Amino acid sequence: MKFIGQKIDSVFYEFLKPIEELWQPSDFLPDSANENFLSDVKLLQEAARELPYDYIAVLVGDTITEEALPTYESWLMTVEGVNQQDPQQGWTKWIRAWTAEENRHGDLLNKYLYLSGRVNMRAMEVSTQYLIADGFDIETGTDPYRNFVYTSFQELATNISHRRTATLAKQYGNTLLSKMCGVIAADEMRHAKAYKAFVERIFEVDSSEMMLAFEDMMRKKIVMPAHFLRETGVKIGETFSHYSDAAQRIGVYTTYDYIEIMDSLLKEWKIDKVSGLNEAGEKARDYLMALPTRLKRVAERTKAPNLDYNFSWISAY
Ligand SMILES: [Fe+2]
Ligand SMILES: [Fe+2]
């Protein structure tokens, strides 16, 4: 961590943006200080009426996932080599600045959903509070190698899902929502590049251990950050599977995307060409290289979930 941390400043400027230049949620939302506010909200609500049930459910789940940001920041602060007591340390600065960027995602989506008239906000807020209170277990421990595999994967997964909700919004004729999801997706891609760059550097200096960490994370399977998602009266994690079913049904995030991400990481980190591996490292590489094909075979045998579910988050109207 010290070694990569030395060059973190350049990563900083490459993958994060100055606050003053970044978009803010209010750039996209009706301005409540403006006299046209009510008519703008009316237009927003009319457009939101066209959004299908599963789509709203996915958007709510995405929002809650983003809103559980305190969990992610506090988790990353405990990673070995990150020292919060040293505010000038590169890693501390990185995590804080990353958090600051991410914080806009939940803000923007939450405000949109509030204005949309489609969501039972209280039910959604209860789920958010539960998720933050329940935390998560992504099985990385405090190991930076495992954590950076996880964050690389996760940023790519959120990039895909926000990108898809953007595309779908456009198809439903909702340009505003499409733009919103699009700018969030772009942030996620920048973040993914940063975390992938950290892993790439570790591969340069500690290839066997990095390979083993990658293998370990993939054997355990990457769990989504909202895997404990629940609603009032629903068992922990159960709402998550309904949310992820809805995402599969509308094609926002599917098993094939998981495999696609895995495949892209193998290429990005040139896993087939990593040199200097010890025996265990070589074995880990073999496992990883064979994994996409294996997962595809499994995916072909699993059917897309068809079960309908009534989320407490969505207002009946
Ligand atoms: Fe995000
Ligand atoms: Fe992210």
Side-chain angles (χ1 to χ4, degrees), residues 8 11-12 14-17 19 21-29 58-77 79 82 91 93-113 124 127-128 131-132 135-136 138 140 144 146-169 177-199 217 222-229 240 243-244 247 252-253 257-258 260-261 264-265 268:
I8 190 116
V11 176
F12 223 82
E14 201 177 337
F15 301 114
L16 293 177
K17 284 191 172 176
I19 291 173
E21 285 171 28
L22 274 175
W23 61 265
Q24 296 298 337
S26 53
D27 299 338
F28 299 92
L29 295 161
V58 169
L59 212 55
V60 172
D62 290 354
T63 306
I64 298 171
T65 308
E66 295 286 350
E67 295 270 52
L69 188 58
T71 307
Y72 319 142
E73 182 184 26
S74 54
W75 184 278
L76 288 173
M77 280 295 187
V79 169
V82 177
W91 286 114
K93 284 204 278 180
W94 162 265
I95 293 170
R96 289 190 175 140
W98 169 83
T99 304
E101 286 201 358
E102 285 283 342
N103 191 57
R104 292 140 52 250
H105 301 170
D107 267 5
L108 176 57
L109 292 171
N110 184 313
K111 283 177 185 142
Y112 176 84
L113 290 173
M124 174 177 145
S127 284
T128 304
L131 188 61
I132 297 174
F136 66 3
I138 51 176
T140 55
R146 283 173 176 75
N147 272 284
F148 291 154
V149 168
Y150 184 83
T151 47
S152 298
F153 199 103
Q154 244 348 290
E155 297 285 1
L156 288 172
T158 47
N159 167 264
I160 292 177
S161 57
H162 290 303
R163 193 152 33 89
R164 298 262 169 75
T165 51
T167 308
L168 287 172
L177 183 57
S178 174
K179 253 192 237 161
M180 287 175 24
C181 297
V183 290
I184 297 174
D187 278 3
E188 310 292 17
M189 188 42 98
R190 268 192 297 110
H191 299 163
K193 283 184 183 156
Y195 287 115
K196 285 192 286 183
F198 300 154
V199 173
M217 287 311 294
I222 303 281
V223 295
M224 294 298 137
H227 62 129
F228 286 158
L229 190 62
F240 176 79
Y243 154 59
S244 112
V252 163
Y253 187 80
D257 294 314
Y258 185 97
E260 192 65 39
I261 293 173
S264 79
L265 291 176
E268 176 88 29

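All ligand and atom numbering here is 1-based and tracks the order in the structure. No experiment lies behind these values; they were computed from the predicted model shown.
- Within the 4.5 Å cutoff, the side chain of Gln24 has no heavy atoms near those of the Asp107 side chain.
- Proximity of the aromatic rings of Phe198 and Trp91 is defined here by a centroid distance below 6.0 angstrom, and this criterion is met.
- Judged by distance alone, the side chains of Asn147 and Tyr195 never bring a donor and an acceptor atom under 3.5 Å apart.
- Nearest N/O/S atom of Glu155 relative to the Fe ion (ligand 2): this is OE1.
- Looking only at its N/O/S atoms, Glu102 has OE1 as the one nearest to the Fe ion (ligand 1).
- Put simply, Asp187 stays out of reach of the Fe ion (ligand 2), with no N, O or S atom under 2.8 Å from it.
- Centroid-to-centroid, the aromatic rings of Tyr243 and Phe240 come within less than 6.0 Å.
- Here His105 meets the criterion, with an N, O or S atom under 2.8 Å of the Fe ion (ligand 1).
- Glu73 CD: more than 12 foreign heavy atoms inside a 6.0 Å radius.
- Within Glu188, the N, O or S atom lying nearest to the Fe ion (ligand 1) carries the name OE2.
- Distance check for Glu66 against the Fe ion (ligand 2): none of its N/O/S atoms falls below 2.8 Å.
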